[in-house]
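The next block holds one structure in the form of structure tokens; read it before the comments.
Please read all numbers here as calculations on a predicted model, not as lab measurements. Chain A is the first sequence line, chain B the second, and so forth, proteins listed ahead of strands; every chain is numbered from 1.
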Protein chains: 2
Amino acid sequence: MAQQADTERRKPLNRDRVLRAAVARADQSGYEGLSMRGLAQELGVVPMALYKHVANKEQLLDGMVELVVGEIDPPAEGPDWRFAVRARVLSARRALLRHPWALRVIESRGTPTPAVLDYLDSVIGTFRRGGLSVDLTHHAMHALGSRVWGFTQELSVASPGAGGGSEGGDVDVDERALAAMAAMAERYPHIVEIATAGRAHDGASVVGGGCDDQFEFEFALDLLLDGVARLHAQGWTSERG
Amino acid sequence: MAQQADTERRKPLNRDRVLRAAVARADQSGYEGLSMRGLAQELGVVPMALYKHVANKEQLLDGMVELVVGEIDPPAEGPDWRFAVRARVLSARRALLRHPWALRVIESRGTPTPAVLDYLDSVIGTFRRGGLSVDLTHHAMHALGSRVWGFTQELSVASPGAGGGSEGGDVDVDERALAAMAAMAERYPHIVEIATAGRAHDGASVVGGGCDDQFEFEFALDLLLDGVARLHAQGWTSERG
DNA sequence: GAATGAGGTGTACGCCGTACACCTTCGTCG
DNA sequence: CGACGAAGGTGTACGGCGTACACCTCATTC
């Protein structure tokens with residue numbers, strides 16, 4: 001109690017307040033307009049104070065992405081995978097339209113954040129529950145590409161042990177990678193299923209290297225061109241010339 | 001001639017050498033690794049020297065994009081629009097794979113450069129010559145989205161007079177915009193045709209505002225989901241499980 | 001009431017892009 | 001021939017950035 005009067009002390013600031021302020025600022029000033037210094041000022045605090053709550057700007061961005069991705073609606077129930085995927089993707093779109101900077105941040109980030117992986121895993125799960133094969137689901141995810149964001153785009157999907165500690169180990173490294181892999185399989189079963197489908201190589205290196213980007217690209221391209229050709233053939237037109 | 005010996009003077013550096021050096025550097029150090037200072041050092045010159053050849057870093061990036069886009073093969077001849085578009089897009093892909101930084105730069109740039117507009121215009125032209133309606137072509141371009149890069153992505157395509165000069169005019173502004181519009185229609189006829197299709201509003205504001213992003217997004221999404229559903233129904237599998 | 005540790009501060013470093021004034025070199029023209 | 005003007009290169013400096021590091025200030029706990 002005591003000296004509470006003289007201070008009008010601002011309440012102590014925490015990771016969540018920092019992230020929310022950052023999101024708000026990016027929403028209105030854009031990605032470029034977001035700096036640690038500006039953000040600190042807005043929070044009435046010296047720049048270095050932020051570093052008590054986020055390790056650095058990269059982690060700030062990651063945290064912001066987590067917040068945005070958290071706004072996406074949970075998956076729809078029901079047997080119609082087509083409807084469920086559609087609804088989910090459109091919900092993602094709504095979230096990203098609310099935060100226009102977010103897509104760029106998600107895509108520029110080398111390693112996807114957990115919330116992103118959760119989302120992708122769950123979309124994959126919807127395809128799989130709908131009865132699509134692992135194979136087709138894999139290609140479908142690539143084809144959706146940045147329409148569900150983040151799964152296409154060359155990024156070697158997530159080699160899991162990126163954040164580790166000691167440099168000491170030697171054979172340790174492989175063990176560690178395998179352990180990480182196992183943890184990942186538990187948490188993101190569908191992603192791992194898809195990533196490792198087909199070839200039964202050693203676990204670690206397969207994750208990113210296992211698929212043929214060129215094939216994926218042409219698959220998606222042809223899907224689109226086929227669709228367009230079909231519409232053309234049947235004289236399709238959007239009502240509203 | 002005279003004192004040529006003592007100097008070993010480097011030949012005088014020009015815009016093209018600067019751009020090529022920048023491309024080379026970005027190719028091997030990535031987008032982040034490209035700084036005016038670093039580039040200058042590589043060219044054996046003081047940073048400010050670069051500014052005699054490019055106005056600023058933005059223009060440097062634009063110039064680099066022009067070079068990369070220039071590597072895309074010219075459009076294929078022949079009556080098969082599907083083949084022609086496919087070939088063109090795959091050629092674009094090859095160019096962009098050679099310069100992995102380029103896609104990001106193209107997409108982050110607010111206003112497309114002329115070479116980009118040329119490319120887009122010519123792809124559109126291929127669809128149109130194949131007999132596709134303006135309407136369908138429009139949606140097809142959106143659906144291809146970043147697969148042909150740059151045409152989707154909310155960016156309000158190119159309001160043409162962005163680089164002008166004096167702030168003086170008043171009614172002048174509209175005239176100037178119309179003139180720019182006309183020039184644009186001459187240079188990029190297909191883009192303008194598509195952008196202004198349907199509604200016959202006043203010229204200027206129509207360019208970006210004239211299309212319904214949500215519709216375009218759902219069009220593309222459904223094209224993909226339809227395709228996937230069709231493949232699923234017929235038990236499709238990529239040979240190579 | 002001393003110890004602890006979380007949260008906030010101040011200073012400083014090394015990057016960045018680039019404005020501005022200056023110097024050098026060289027082709028042109030009187 | 002010599003003066004000149006422009007094109008190209010230099011040097012210095014400014015304001016911004018992210019952030020390392022040492023410090024201070026409290027509230028909490030034993």
Side-chain angles (χ1 to χ4, degrees), chain A residues 1-23 25-26 29-65 101 104-105 108-110 163, chain B residues 1-23 25-26 28-65 101 104-105 108-110 163 165:
Chain A
M1 36 211 86
Q3 301 311 86
Q4 195 164 339
D6 91 308
T7 57
E8 206 60 273
R9 218 88 190 143
R10 46 183 178 281
K11 54 174 126 48
L13 196 62
N14 55 38
R15 183 179 146 93
D16 197 63
R17 285 220 310 137
V18 171
L19 293 182
R20 285 181 197 289
V23 167
R25 189 173 180 86
S29 314
Y31 180 29
E32 317 290 270
L34 179 73
S35 71
M36 296 299 272
R37 296 173 119 103
L39 181 57
Q41 187 163 24
E42 191 155 297
L43 286 165
V45 116
V46 89
M48 285 311 293
L50 300 179
Y51 289 87
K52 288 283 151 63
H53 302 100
V54 295
N56 51 44
K57 194 178 182 181
E58 298 249 305
Q59 280 204 12
L60 177 79
L61 292 170
D62 282 346
M64 294 166 68
V65 168
W101 47 271
R104 197 192 313 282
V105 174
S108 72
R109 204 113 255 75
Chain B
M1 36 212 81
Q3 298 311 86
Q4 195 164 339
D6 91 308
T7 59
E8 206 63 274
R9 217 83 189 147
R10 45 181 181 281
K11 51 175 133 41
L13 195 62
N14 56 38
R15 183 179 148 92
D16 198 63
R17 288 221 307 138
V18 170
L19 293 182
R20 286 182 196 287
V23 167
R25 190 171 179 89
Q28 64 178 191
S29 314
Y31 180 27
E32 317 290 274
L34 180 72
S35 72
M36 297 300 271
R37 295 172 119 102
L39 180 57
Q41 187 161 26
E42 191 155 296
L43 287 165
V45 116
V46 87
M48 286 311 294
L50 301 180
Y51 289 86
K52 288 282 151 67
H53 304 284
V54 296
N56 51 42
K57 195 178 182 182
E58 298 250 306
Q59 280 205 11
L60 177 79
L61 291 171
D62 282 346
M64 293 166 68
V65 167
W101 47 270
R104 195 190 313 281
V105 174
S108 73
R109 203 113 254 75

Report the distance from atom OH of A:Tyr51 to atom P of C:dT11, rounded to the nearest whole Å. 18 Å
Tell me: CZ of B:Arg15 to P of D:dG8, nearest whole Å? 13 Å
base_contact_polar (D:dG16 base, A:Arg37 side chain, donor-acceptor, <3.5 Å): no
Could you tell me how far apart A:Leu13 (CG) and C:dT9 (C1') are, to the nearest whole angstrom? 14 Å
Would you kindly give the CG-to-P distance between B:Asn56 and C:dC16, to the nearest whole Å? 17 Å
When the distance from CG of A:Leu39 to P of D:dC17 is rounded to whole Å, what number comes out? 12 Å
How long is the line joining CD of B:Glu32 and P of C:dC15, in whole Å? 17 Å
Any side-chain N or O of B:His53 under 4.0 Å from OP1/OP2 of D:dG9? yes
Nearest whole Å is fine: how far is C:dT9 P from A:Gln41 CD? 13 Å
Once you apply a heavy-atom cut-off of 4.0 Å, does B:Met48 come out as touching a base, just sugar-phosphate, or nothing? base
Can you see which heavy atom on A:Gln59 is nearest to which on A:Asn56, and at what distance? N-OD1, 3.0 Å
Has B:Ser29 got a side-chain atom pairing as donor or acceptor with B:Ala26's backbone, closer than 3.5 angstrom? no
What's the verdict on side chain to side chain contact (heavy atoms under 4.5 Å, CB included) for B:Val54 and B:Met36, showing C-alpha distance, side-chain angles and the deciding distance? CA-CA 11 Å; B:Val54 296; B:Met36 297 300 271; 4.2 Å; yes
Do A:Lys52 and C:dG8 have a side chain to base donor-acceptor pair shorter than 3.5 Å? yes
Round to the nearest Å and state the distance from A:Arg17 atom CZ to C:dG8 atom P. 9 Å
What heavy-atom pair brings A:Asn14 and A:His53 nearest, and what distance separates the two atoms? CA-CD2, 3.6 Å
Pairwise side-chain contact, B:Leu34 with B:Trp101, heavy-atom cut-off 4.5 Å (strictly under): no
I want to confirm an ordering. Mapping B:Leu34 and A:Leu50 to their closest nucleotides on DNA chain C, which one lands closer to the 5' end? A:Leu50
From the list D:dG18, D:dT12, C:dG8, which nucleotide is the closest neighbour of the side chain of A:Lys57? D:dG18
